[in-house]
Amino acid sequence: MTTPGIPSRNSAVRHRLVRAAPAAALLLTVTACSSGTQGATPTVPSSTPASPRQQKPSTSTPPSPTERSTAMDIRVTLDGRPVEATLNNSPPARDFAELLPLTLDLEDFHSTERVADLPRKLDTDRAPEPVAAKVGDVAYYAPWGNLALFYKNGPAPSADLLVLGHLDISAAQLGGATRITIEAAP
């Protein structure tokens, strides 16, 4: 029996289930994409626009966790001061390392990152899963082909933004940087 103006118990349960459905769908999608099955190609819902990376047919397998997590040391000088830095071992980071040595002038972008154009676009095949950039991250923005150094936490993960490595520097120092030199470590 229901009282006027007070929802029934079944109505409240139905309301909670309807609100939980999108979260459950997201959880299922994430679980399906990260199941760890070698050689499996995750499916993308048809309502999700495909990024340029997703449209390229790939005959190679995705990078293993070891490829993504083994760091490559690099030597970085920011405004003439040495900075501790590493690149991850993802295929795009290895492609970036082939461009070294580089000296780039940096500009501010959205009061969040310092950016510079690279001499060429990087190969983004077999890029690792997107993650949100954090303070100190060195990233590559594929659509524009530029390098981004984050001095504030970045936006939500995007397939267009690939984290390549990390700088061990304060946000204040990175936010005011105007020139970076990146070299392969000896």
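We're numbering straight along the sequence, starting at 1. Predicted, not measured: the structure shown is a model, and the values here were computed from it.
Thr112 places a side-chain N or O within donor-acceptor distance of the main-chain N or O of His110, the cut-off being under 3.5 Å. Under the 3.5 Å distance criterion, the side-chain polar atoms of Tyr140 are left unmatched by any main-chain donor or acceptor of Leu164.
Summarising the geometry of Leu87 relative to Ala93, their closest heavy-atom pair is CD1-O, 3.9 Å, with the distance given to 0.1 Å. The two residues Phe150 and Pro155 have their closest heavy-atom pair at CE2-CD, 4.1 Å. Nearest heavy atom pair, residue Leu161 against residue Ala139, reads CD1-CB, 3.7 Å. Contact between Leu118 and Phe96 at its shortest, heavy atoms only, is CD2-CE1, 3.8 Å. Between Pro157 and Ala132 the shortest heavy-atom distance is CG-N, 3.6 Å. Heavy-atom minimum distance, Ala148 versus Glu113: CB-OE1, 3.1 Å.
Between Asp105 and Arg179 there is a salt bridge, with a side-chain nitrogen of the basic residue lying less than 4.0 Å from a carboxylate oxygen of the acidic one. Arg120 and Asp95 are joined by a salt bridge, as a carboxylate oxygen and a charged side-chain nitrogen come within less than 4.0 angstrom of each other.
Atoms NE2 and NZ, from His166 and Lys134 in turn, are 11.0 Å apart once rounded to the nearest 0.5 Å. In this structure, CG in Leu106 is found 7.0 Å from CG in Leu104, a value given to the nearest 0.5 Å.
Within 6.0 Å of atom CD in Glu183, more than 12 heavy atoms from other residues, nucleotides or ligands are found, so the atom counts as buried in its surroundings.
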